[in-house]
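Working notes for the structure below.
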Amino acid sequence: CQILPGPTSTQTITAIGFKKGGANLAYLTLLVWILPAVSVMTFAGVMISYIDENELSMDFARFIQPMAVGFVAYAAYVISSKVINTKLGGALMVVSAVISYFIRSPWVFPILLLFGGFVTAMKFQQQPKQFAKDKLNIDWRNFILWAGILILAALLGNIFKYKPLLIFENFYRNGSLIFGGGQVLIPYLHTEFVDFKHYLSSEEFLTGFGMVQALPGPVFSFSSYIGALSLRELGIGGEILGALMAALGIFLPGTFLIFFIIRFWESLKQFRVVRASLEGINAASSGLVVAAALILFD
């Protein structure tokens, strides 16, 4: 799961379900894992919208917001201490943090991740050789499904401009690009939905992130909170629809990709380039979290 975009913990649990009972059990496992947190965060989004609409006091959140910044800062420290083991990794983390801090575009993040993976993939000869017992046979169906939905959602969203569909496309794209777990999600979502699209304020964003940190379950359930607030102009029905589209969009890509790669992972591990690229991807990811902490401090 570390070499795939998407929520690592969710993918791991889904993969266990797949190993034990195939696709049906995997989808059930996924649903059981995400439903509680997604439901609570959807309710939180609806309540924040109600408070804003009725001009009620948000004083209760004044402690949640700085705590959310602290969570991100601590995550940056923990992640970097775990994944940065070489000078090259440290350099990639710093470069990633500086660039993503000054160039706040959603398209910068995947470029940095790919660049980091490419740089450390050049050191593949330092990885020990592994030999697969079976020939590498790839079933491309789930990869085609993932890519097909990505392209179709982008085309339909661009043609019809239907906001719920655009929400799904936004989160599906983010779910297809984010490596490193829930903390790396924060700079992506803040840049796109607060800085660029202004669907919610920075205060609302931090309040929701502080809430999700207090819940069991995947941090990616934060997406349902943002989806609800993104469609607040459509009323409570729109908020629930936005939360559903966001949750589907963020969780489906990683699910499709784990279904794709789990079938030939044992054979894929023989390629040293794949294992070597993880160092750079993780270093760039930790740099994004560092930049997110600095941006939220602003």
Side-chain angles (χ1 to χ4, degrees), residues 1-42 75 78-79 82-83 117 127-128 130-150 153 168 171-185 212-224 227 243-275 277-278 281-282 285:
C1 294
Q2 292 289 343
I3 73 165
L4 295 176
T8 305
S9 62
T10 302
Q11 288 170 306
T12 302
I13 290 172
T14 305
I16 293 171
F18 184 87
K19 281 285 190 180
K20 292 296 183 180
N24 290 336
L25 183 59
Y27 281 120
L28 179 60
T29 305
L30 170 67
L31 183 63
V32 170
W33 171 242
I34 70 173
L35 188 58
V38 166
S39 299
V40 172
M41 291 310 297
T42 299
V78 171
I79 293 173
K82 288 183 177 180
V83 304
Q127 295 287 327
Q130 293 183 4
F131 297 96
K133 298 178 180 179
D134 302 317
K135 184 180 178 181
L136 182 62
N137 294 312
I138 302 177
D139 184 343
W140 291 97
R141 288 176 296 177
N142 280 289
F143 182 86
I144 294 171
L145 179 62
W146 163 75
I149 293 177
L150 180 67
F168 174 81
F171 280 96
Y172 193 91
R173 171 167 38 84
N174 281 310
S176 299
L177 297 175
I178 295 170
F179 292 81
Q183 306 299 342
V184 183
L185 186 72
V212 80
Q213 290 291 332
L215 294 177
V219 175
F220 273 56
S221 61
F222 181 41
S223 61
S224 58
L244 179 62
M245 299 299 280
L248 285 173
I250 204 74
F251 284 107
L252 279 181
T255 303
F256 292 149
L257 290 173
I258 193 62
F259 283 1
F260 165 64
I261 205 168
I262 196 173
R263 294 180 170 92
F264 61 92
W265 171 240
E266 291 302 320
S267 299
L268 187 63
K269 286 193 299 185
Q270 69 180 308
F271 295 103
R272 293 181 289 172
V273 171
V274 174
R275 286 179 278 125
S277 67
L278 292 180
I281 291 173
N282 289 331
S285 295

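Treat the numbers as computed from the prediction; the structure is a model and nothing was measured.
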Margin query: Between F251 and F256 (judged by ring centroids, cut-off 6.0 Å), do the two rings come close enough to count as a pair?
Written below: no
Next item on the list: Decide if the gap between the ring center of W140 and the ring center of F260 is smaller than 6.0 angstrom.
Entry: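 For W140 and F260, the ring centres are under 6.0 Å apart.
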Check: Can you check whether A246's main-chain N or O pairs, donor with acceptor, with Y172's side chain at less than 3.5 Å?
Finding: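 It does not hold such a pair.
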Margin query: Is it the case that the side chain of Q11 and the backbone of I258 share a donor-acceptor pair, with hydrogens and angles ignored and the cut-off at 3.5 Å?
Written below: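 It does not hold such a pair.
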So which heavy atom on [X] is nearest to which on [Y], and how close?
X    : Y    : result
V38  : A247 : CG1-CB, 4.1 Å
V212 : S221 : CG2-OG, 3.4 Å
R173 : L150 : CA-CD1, 4.1 Å
S176 : W146 : OG-NE1, 2.9 Å
P253 : L248 : CD-O, 4.4 Å
P7   : I250 : CD-O, 4.3 Å

Margin query: Within the 4.5 Å heavy-atom criterion, are F18 and Y27 side-chain neighbours or not?
Written below: no
Next item on the list: Determine, step by step, whether F171 and M245 satisfy the side-chain contact (heavy atoms from CB on, under 4.5 Å) criterion, reporting the C-alpha distance in whole Å, the side-chain angles of both residues, the deciding distance to 0.1 Å, and the verdict.
Entry: CA-CA 8 Å; F171 280 96; M245 299 299 280; over 6 Å; no
Check: So I261 and L257, side-chain contact (heavy atoms from CB on, under 4.5 Å) or not? Walk me through it.
Finding: CA-CA 6 Å; I261 205 168; L257 290 173; over 6 Å; no
Next item on the list: To the nearest 0.5 Å, tell me how far W33 CH2 sits from I16 CD1.
Entry: 10.5 Å
Margin query: To the nearest 0.5 Å, what is the distance between CD1 on I34 and OG1 on T14?
Written below: 8.5 Å
Checklist line | With T10, the side chain to side chain contact (heavy atoms under 4.5 Å, CB included) member among T255, L30, T29 | finding: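 Going through T255, L30, T29 one by one, the side chain to side chain contact (heavy atoms under 4.5 Å, CB included) with T10 is satisfied by L30 alone.
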